[in-house]
Amino acid sequence: TIQFSPDGTQIAAGGDIGVWMYDVQTGKEISLFPGVCQSLAFSPDGRFIASGGGKFWQSESQLWETATGCKVSLADAKHPASVLLFSEDGKTLVNLGSGGGRISTLNIETGKVDRRDFEGHKPGRIELPESYALTHNKAAVGKKDGKIHLWDTTTGKKLFSLKGHIHLSFMPLDNPSLRPPPR
């Protein structure tokens, strides 16, 4: 995953080793923040960068000060993150969990984490979503069956489901019966 800093002077690139920060003008590496990264977010003022990722049993969200490279201690960050988003004021980090059924908010100033399961989501069930959209107060999670579920992130209450608009499917390329006929 990649993300530009809010002022456009840096770019962060996340992967299996960590998050690399590069200067956009020179292409030089500025720093490396270690840890598996599957999602990234800069705070609006560029002071922090958040990363999330890892396997379900060893996933972690991390928060770093971009200027110093110092990791901000998060007492209870052991949860997967598919999407990370800072509030407009930069004081809250919103985390949509990898299972698509839990939203977490982290108060940057106090370190307090608030977790909420989405209404109608079966706890403990790992059903990987295919796509996501997140704002400060709403989340949309698309599933392979083509349904898109919308929730209020502040209450966890389900708003509604969109049906029949798209169907995501994957065809194995090694199955000859699924290949189009030759021309």
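Quick note: residue numbers are just sequence positions, from 1.
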(request) Write down the atom of Ala41, the atom of Phe86, and the distance for their closest heavy-atom approach. (result) O-CE1, 3.5 Å

(message) Just to verify, what does Ser161 make a side chain to side chain donor-acceptor pair (under 3.5 Å) with, not counting sequence neighbours?
(response) His149, Lys158

(request) Measure the OH-CD distance between Tyr22 and Gln10 for me, rounded to the nearest 0.5 Å. (result) 12.5 Å

(request) Check the surroundings of atom CG in Asp16: do more than 12 heavy atoms from other residues, nucleotides or ligands lie under 6.0 Å from it? (result) no

(request) State, to 0.1 Å, how close Asp152 and Thr155 come at their nearest heavy-atom pair, and which atoms those are. (result) OD1-N, 3.2 Å

(request) Check the hydrophobic clustering (I, L, V, M, F, W, Y; side-chain heavy atoms under 4.5 Å; chains of links allowed) and say if Leu134 and Val141 are grouped together. (result) yes

(request) Verify, without hydrogens or angle tests, whether Thr1 (side chain) and Gln38 (backbone) share a donor-acceptor contact under 3.5 angstrom. (result) no

(message) Are Met21 and Leu40 connected into the same hydrophobic cluster when the rule is that any two of I, L, V, M, F, W, Y join if their side-chain heavy atoms are below 4.5 Å apart?
(response) yes

(request) Looking only at non-hydrogen atoms, find the nearest pair between Ala50 and Leu63 and report the distance. (result) CB-CD1, 4.0 Å

(request) For the residue pair Trp64 and Ser51, establish whether any side-chain heavy-atom pair is separated by less than 4.5 Å. (result) yes

(message) What I'd like to find out is whether the side chain of Leu106 reaches to under 4.5 Å of the side chain of Lys112, using heavy atoms alone.
(response) no

(message) I need the Phe160 CZ to Ile148 CD1 distance, nearest 0.5 Å.
(response) 10.0 Å

(request) Grab the two heavy atoms, one from Gly18 and one from Cys37, that are nearest each other, plus how far apart they are. (result) O-CB, 4.2 Å

(request) Output, in order, the C-alpha distance, side-chain angles, deciding distance and verdict of side-chain contact (heavy atoms from CB on, under 4.5 Å) for Leu93 and Phe48. (result) CA-CA 10 Å; Leu93 177 63; Phe48 297 106; over 6 Å; no

(message) Looking at every non-hydrogen atom in both residues, tell me the closest pair between Ile17 and Trp20 and how far apart they are.
(response) CB-CH2, 3.7 Å

(request) Find the distance between NZ (Lys138) and CG (Leu159) and round it off to the nearest 0.5 Å. (result) 6.5 Å

(request) Would you give the length of the straight line joining atom OG of Ser5 to atom CG of Asp23, rounded to the nearest 0.5 angstrom? (result) 9.5 Å

(message) Are Ile2 and Ile49 connected into the same hydrophobic cluster when the rule is that any two of I, L, V, M, F, W, Y join if their side-chain heavy atoms are below 4.5 Å apart?
(response) no

(message) Is it the case that atom CG in Leu32 sees more than 12 heavy atoms from other parts of the structure closer than 6.0 Å?
(response) yes

(message) Do Phe42 and Leu85 sit in one hydrophobic cluster, given that two such residues count as connected whenever their side-chain heavy atoms are within less than 4.5 Å of each other, even indirectly?
(response) no

(message) Please find the pair of heavy atoms, one from Phe33 and one from Thr66, that lie closest to each other, and give the distance.
(response) CZ-CA, 4.4 Å

(request) Can you measure from NZ (Lys91) to OG1 (Thr105) and round to the nearest 0.5 angstrom? (result) 14.5 Å

(message) Can you tell me how far apart CD (Glu29) and OG1 (Thr26) are? Round to the nearest 0.5 Å.
(response) 11.0 Å

(message) Please determine whether side-chain contact (heavy atoms from CB on, under 4.5 Å) holds for the pair Leu150 and Leu162, giving the CA-CA distance in whole Å, both sets of side-chain angles, and the decisive distance to 0.1 Å.
(response) CA-CA 8 Å; Leu150 279 80; Leu162 306 172; 4.1 Å; yes

(message) Check whether Gln62 reaches the backbone of Pro34 with its side chain - one donor and one acceptor, N or O, closer than 3.5 Å.
(response) yes

(request) Go through Leu84 and Ser39 one step at a time and tell me if the side-chain contact (heavy atoms from CB on, under 4.5 Å) criterion holds. (result) CA-CA 6 Å; Leu84 294 165; Ser39 56; 3.6 Å; yes

